[in-house]
Amino acid sequence: MTRTAGAPIGCQRPSRFWGLGCPKIYHEAEDTLGHAIQAAPDHHLSCENFPQHPMAHQYPDIPDHLKAFIGRQKIFFVGTAAETGRVNISPKGMDSLRVLGDNRVIWLNVTGSGNETSAHVQNNQRMTLMFAAFEGNPMILRLYGTARVVHKNDSDWNELYAWFHPMPGARQIFDLDVDLVQTSCGMGVPLFDYREERNQLGPWAENKGADGIEEYWREKNQTSLDGLPTHIIDRNT
């Protein structure tokens with residue numbers, strides 16, 4: 001049997017909200033749940049209340065409606081961990097992510113006070129990206145996979161960097177091979193209104209200049225909190 005690209009793998013049943021039955025796989029778009037909640041706000045949340053939308057879908061690749069959802073987001077979160085030590089979660093914005101295919105996402109990392117993600121991925125390639133709907137219908141989207149770190153001295157830096165608007169202080173690109181996509185309800189996530197991007201990081205990097213950024217890397221970005229190397233100087237200068 002041939003699987004249709006983007007078709008869900010299965011139906012999960014979080015016990016907090018759902019009854020015992022999620023008896024079939026549904027293929028409806030992810031916004032159905034929000035409409036059902038508005039139609040029956042006082043009802044107990046169960047599969048019977050929302051027959052069009054099970055609590056979670058799993059996909060082996062990124063279907064088109066989730067690519068569109070990703071394209072509308074202003075913020076995403078990155079989770080990484082090395083074999084041992086601390087787990088890191090970082091918020092990202094600044095139009096720094098691109099979906100290049102059904103199983104490939106890249107995102108641009110600019111200079112900041114820590115460099116945990118790069119150190120972790122060079123030790124253990126696992127990465128999870130999380131998106132949440134802060135307006136409209138509720139949903140949480142997670143992309144699970146393995147990532148590699150691309151620095152300025154790597155042969156494919158220019159090819160990948162061309163996908164982004166130039167950003168002062170750019171230091172790495174992360175290339176994520178997605179092996180599992182999962183959505184969940186997101187009904188516990190509050191509503192927020194987007195106002196604007198912060199206009200601070202770009203001018204800060206421009207004012208430092210190339211030499212100042214390199215010195216900042218030497219001072220702040222060469223190791224993780226657990227002492228893992230990032231190789232930022234060797235691979236970027």
Side-chain angles (χ1 to χ4, degrees), residues 62 70-71 73-101 103-131 142-179 197-237:
I62 310 170
I70 292 171
Q73 303 315 300
K74 303 297 185 183
I75 186 172
F76 63 98
F77 301 86
V78 181
T80 56
E83 293 291 344
T84 60
R86 293 166 176 81
V87 175
N88 186 69
I89 303 172
S90 294
K92 303 295 178 182
M94 301 174 65
D95 190 28
S96 60
L97 183 142
R98 300 289 184 269
V99 178
L100 299 192
N103 294 90
R104 190 182 183 192
V105 172
I106 61 173
W107 60 273
L108 178 65
N109 195 26
V110 296
T111 299
S113 57
N115 202 7
E116 297 296 295
T117 303
S118 178
H120 287 174
V121 169
Q122 292 179 70
N123 177 269
N124 187 320
Q125 291 184 285
R126 295 174 303 170
M127 177 180 287
T128 300
L129 302 185
M130 188 185 79
F131 307 80
R142 292 179 177 90
L143 307 180
Y144 299 91
T146 54
R148 65 187 183 98
V149 190
V150 181
H151 288 83
K152 294 183 177 182
N153 292 345
D154 293 328
S155 60
D156 51 350
W157 170 268
N158 289 335
E159 175 189 352
L160 296 178
Y161 190 59
W163 285 96
F164 302 98
H165 303 295
M167 291 191 187
R171 60 182 178 180
Q172 298 118 356
I173 296 170
F174 291 89
D175 189 349
L176 177 64
D177 179 21
V178 178
D179 57 43
E197 297 289 329
R198 297 179 188 270
N199 186 27
Q200 295 169 308
L201 194 54
W204 171 84
E206 288 180 336
N207 289 337
K208 277 194 167 295
D211 292 341
I213 288 293
E214 181 178 338
E215 182 58 32
Y216 189 86
W217 290 343
R218 291 183 184 277
E219 180 182 352
K220 301 282 190 180
N221 283 182
Q222 293 202 73
T223 60
S224 72
L225 291 171
D226 296 306
L228 295 173
T230 67
H231 307 289
I232 191 170
I233 300 300
D234 294 341
R235 296 181 62 181
N236 264 353
T237 60

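The structure displayed is predicted, hence computed values, not measured ones.
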Contacts of Trp204 that satisfy ring pair (Phe, Tyr, Trp, His ring centres under 6.0 Å) - sequence neighbours left out: Tyr216
In the structure I gave you, are the side-chain heavy atoms of Phe77 and Leu129 within less than 4.5 Å of one another anywhere? no
Salt bridge (charged side-chain N to carboxylate O under 4.0 Å, His left out) partners for Arg142, two or more places apart: none
In chain order, what residues pass the side-chain hydrogen bond (donor to acceptor under 3.5 Å, both in side chains) check against Ser224, with sequence neighbours excluded? none
Kindly write out the residues that satisfy salt bridge (charged side-chain N to carboxylate O under 4.0 Å, His left out) with Arg126, not counting sequence neighbours, or none if the list is empty. none
Has the side chain of Asn103 got a donor or acceptor atom that lies under 3.5 Å from a matching backbone atom of Val178? yes
If you define the side chain from C-beta out and look only at heavy atoms, does anything of Thr237 sit under 4.5 Å from Trp217? yes
So CG of Leu108 and CG of Leu160: to nearest 0.5 Å the spacing works out to 10.0 Å
Residue set satisfying side chain to side chain contact (heavy atoms under 4.5 Å, CB included) with Asp154, at least two apart, ordered chain then number -> Val150, His151, Asp156, Arg235
Would you give the length of the straight line joining atom CE of Met127 to atom CG of Asn88, rounded to the nearest 0.5 angstrom? 10.0 Å
Should the ring pair Trp107 and Phe76 be called parallel, tilted or perpendicular, given that the plane angle runs from 0 to 90° and is split at 30 and 60? perpendicular
Salt bridge (charged side-chain N to carboxylate O under 4.0 Å, His left out) contacts in which one or both residues fall within residues 197-217, not counting sequence neighbours: Glu214-Arg218
Please report the closest heavy-atom contact between Ser118 and Val149, naming both atoms and the distance. OG-CG1, 3.8 Å
On a heavy-atom basis, the closest approach of Ile75 and Pro91 is CD1-CB, 4.2 Å
Measuring from atom CG of Asn207 to atom CD1 of Ile213, what distance do you get when rounded to the nearest 0.5 angstrom? 10.0 Å
Test salt bridge (charged side-chain N to carboxylate O under 4.0 Å, His left out) applied to Asp95 - qualifying residues, sequence neighbours left out: Arg98
When rounded to the nearest 0.5 angstrom, what distance separates CG in Asn236 from CG in Asn153? 6.5 Å
Rounded to the nearest 0.5 Å, how far apart are CZ of Arg148 and CD of Gln122? 12.0 Å
Residues passing the side chain to side chain contact (heavy atoms under 4.5 Å, CB included) test with Gln73, sequence neighbours excluded, are Phe69, Phe131
Measure across Gly169 and Thr111 and return the closest heavy-atom pair with its distance rounded to 0.1 Å. O-OG1, 2.6 Å
At their closest point, which heavy atom of Ala81 faces which heavy atom of Val87, and how far apart are they? CB-CG2, 4.0 Å
Under 4.5 Å between any side-chain heavy atoms of Gln125 and Asp177, yes or no? no
Answer yes or no: are there more than 12 heavy-atom neighbours, outside Ile233 itself, under 6.0 Å from its atom CD1? yes
Side chain to side chain contact (heavy atoms under 4.5 Å, CB included) filter on Val99, not counting sequence neighbours, yields Ile62, Lys67, Ile70, Leu97, Val105
Please round to the nearest 0.5 Å and tell me the distance separating atom OG1 of Thr146 and atom CG of Asp179. 6.5 Å
Please list all pairs meeting salt bridge (charged side-chain N to carboxylate O under 4.0 Å, His left out) that have one or both residues in residues 73-89, counting only residues at least two apart or in different chains. Arg86-Asp226
Using the side-chain hydrogen bond (donor to acceptor under 3.5 Å, both in side chains) definition, which of the options Thr230, Thr80, Asn115 pairs with His120? Thr80
Please list, chain by chain and in numerical order, all residues satisfying ring pair (Phe, Tyr, Trp, His ring centres under 6.0 Å) with Tyr161, sequence neighbours excluded. Trp157
What residues, two or more places apart in sequence or in another chain, satisfy side chain to side chain contact (heavy atoms under 4.5 Å, CB included) together with Thr223? none
